[in-house]
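Note sheet for the following structure.
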Amino acid sequence: MIISNTQEIPGKKITEFYGVVSGSTVRAKHIGRDIMASLKNVVGGELVGYTELLTEARGEAMRRMSRQAEETGANAIVNVRFATSSVAQGAAELFAYGTAVTVE
Amino acid sequence: MEFLLNYGITPIMLLGAYITGTILERRHLKSLLLLESGSRDVLAVTIEDIPPEWEVESSELVMGNVVISQDYFKRVAARIKGIFGGNIRVLEPLLERARREALIRMKGVAHARGYKTIINVRIETSTLASSRGNGKSTAGVEILAYGTAITIREEWRALPGT
């Protein structure tokens, strides 16, 4: 699966469009990480636990998107966009979407 | 003792946050300069269309993210400044640092996978809601930088600072 956030896959030609594919996950941090983060909030700086959490969650959202594209028979996803929204307190939704296509 | 507990902790926290926050900021800026000089051989551009004569061999989505939070002193300072409005200058360096860090991480991923050019770079900012309190205070700000890493022939690349 070739994933790209450009209109076309560079160096390849799109032969078929399959429509929008998307994947999302809603993740919350466990209480230990929350406590560590609130302590870190006092001195400022990077909240490493949250960075890792969002990286993992975004990876999961992309995997789900890829799986959906595979099911339709596509071999690439173009014009991928990401959206993050906080749906509830302490939880974030990570959403990835794009257009499934066949390239050659 | 009770008086100290009630009114002493806030100034101590403010002072502590100010000192550690400033030290951490300086250290981060120093490491950013070092990392930026290291990732200079990866060229990142926001343009999407590349000239058709560039022969692209392979492409891949790469991204880098960072969640960063403001220290307590600066949050209080920003809240006070917010009453009067205008430029809230204490918040600006933090976001700038976070963006630079996210870009460096994205370039690092591309470099590790053997790519030297990233096109269509986008940078997104989102706030994470705090799980405690009334939700007004944010737990942090996430900066995500992403783009499409491509391999092209060397002679098409003009590197900055060379």
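Only this structure's heavy atoms are used, side chains among them; waters, hydrogens and symmetry mates stay out. These figures come from a predicted structure and were not determined experimentally. Each chain gets a letter, A, B and so on, in the order its sequence line appears, and its residues count up from 1.
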Which residue out of A/L54, A/T6, A/I2, A/N5 racks up the most heavy-atom pairs below 4.5 Å with chain B?
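Top count of heavy-atom pairs under 4.5 Å with chain B: A/N5.
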Give the member of A/T55, A/I9, A/V80 that has the highest number of heavy-atom pairs under 4.5 Å with chain B.
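When all of A/T55, A/I9, A/V80 are compared, A/T55 has the most.
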Does atom [atom1] ([X]) have a neighbourhood of more than 12 heavy atoms from anything else shown, all under 6.0 Å?
| X | atom1 | answer |
| --- | --- | --- |
| A/E46 | CD | yes |
| B/R27 | CZ | no |
| A/E104 | CD | no |

Quick check on A/I3 against chain B: is it the side chain, the backbone, both or neither that has a heavy atom closer than 4.5 Å?
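Looking at A/I3, backbone and side chain both touch chain B.
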Are any non-hydrogen side-chain atoms of B/V76 and B/L14 less than 4.5 angstrom apart?
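Of all side-chain heavy-atom pairs linking B/L14 with B/V76, at least one is under 4.5 Å.
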Roughly how far, to the nearest 0.5 Å, is CG of A/N75 from OH of A/Y18?
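Taking OH in A/Y18 and CG in A/N75, the distance rounds to 7.5 Å.
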Side chain, backbone, both or neither of [X] within contact of chain A (heavy atoms, under 4.5 Å):
| X | answer |
| --- | --- |
| B/E57 | backbone |
| B/Y146 | both |
| B/E124 | side chain |
| B/L144 | side chain |
| B/S59 | both |

Working for ring pair (Phe, Tyr, Trp, His ring centres under 6.0 Å), residues A/F95 and A/F82:
CA-CA 6 Å; A/F95 183 56; A/F82 294 105; 9.7 Å; no
